[in-house]
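Structure first, then comments.
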Amino acid sequence: MLPATLAGLHRQEVLNIPLEPLCRDAGVDFVQANVDKIDTMSRQIITDKNRIAYDFAVISIGSDTVDPQALAKAKHVVAVRPMPNFVERFGSAIESNGQSRFQAFPFPRL
């Protein structure tokens, strides 16, 4: 969805996936907590809030930019993360660099 959003074909809001309602609709628990330990022997995740027993665990640690301050100073670099305001930062970078080499082409209708 990111390329289509940058091309102006979608609103930026479509990039955000609300996880809590998605989990609720799928019938699974959504837990946001800091994990202190994963005990694979007892199949429990120990968080800063409680212990969570699991049969199958998916761990998504996300990612961060290595040095956002250094990237912010680079003239021709725009970090994708953090994602929530990437489209705005991308647009600002294009405007501040004068004429853009980025050009949106419409997708063919199927």
Side-chain angles (χ1 to χ4, degrees):
M1 298 296 289
L2 180 59
T5 301
L6 291 174
L9 300 173
H10 297 292
R11 293 183 327 274
Q12 185 172 347
E13 295 82 39
V14 302
L15 296 175
N16 303 322
I17 300 171
L19 293 179
E20 289 184 69
L22 181 68
C23 289
R24 183 179 53 249
D25 293 346
V28 298
D29 294 329
F30 174 83
V31 176
Q32 183 171 347
N34 294 318
V35 175
D36 296 324
K37 181 180 176 184
I38 299 175
D39 185 341
T40 58
M41 297 301 288
S42 66
R43 299 185 109 175
Q44 290 188 343
I45 298 172
I46 296 97
T47 75
D48 57 343
K49 297 177 183 177
N50 57 6
R51 290 176 167 259
I52 303 167
Y54 70 89
D55 293 318
F56 182 79
V58 176
I59 301 168
S60 176
I61 61 169
S63 65
D64 284 328
T65 301
V66 174
D67 186 353
Q69 297 300 327
L71 287 177
K73 295 175 186 174
K75 185 175 181 181
H76 300 290
V77 176
V78 179
V80 174
R81 303 272 182 183
M83 194 67 184
N85 63 353
F86 169 70
V87 174
E88 179 182 315
R89 287 183 288 114
F90 184 76
S92 295
I94 287 174
E95 290 173 13
S96 69
N97 285 315
Q99 186 174 2
S100 169
R101 294 188 337 173
F102 176 79
Q103 186 175 9
F105 295 96
F107 288 110
R109 300 282 180 211
L110 300 176

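For clarity, every value in this text was computed on a predicted model and none was experimentally measured. We use all heavy atoms of the structure for the numbers below, so side chains are in, but hydrogens, waters and symmetry mates are not.
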Seminar exercise, completed: Here the pair of heavy atoms bringing Lys49 nearest to Gln32 is NZ-O, 3.1 Å

Problem set entry | Contacts of Asp36 that satisfy side-chain hydrogen bond (donor to acceptor under 3.5 Å, both in side chains) - sequence neighbours left out | none

Exercise. For Arg43, which residues count as a side-chain contact (heavy atoms from CB on, under 4.5 Å) partner, sequence neighbours excluded?
Worked result: Tyr54

Exercise. Crowded around Asp29 CG? As in, over 12 foreign heavy atoms under 6.0 Å?
Worked result: no

Problem set entry | Path from Ile17 to Phe30 over hydrophobic side-chain contacts below 4.5 Å | yes

Exercise. What's the spacing between Ile38 CD1 and Thr47 OG1 if we round to 0.5 Å?
Worked result: 11.0 Å

For this session: Mark yes or no for whether Asn34, through its side chain, and Asp48, through its backbone, hold a donor-acceptor pair below 3.5 Å.
Result: no

Exercise. Hydrophobic clusters join Ile, Leu, Val, Met, Phe, Trp and Tyr when side-chain heavy atoms are under 4.5 Å apart, directly or via other members; which others share one with Ile46?
Worked result: none

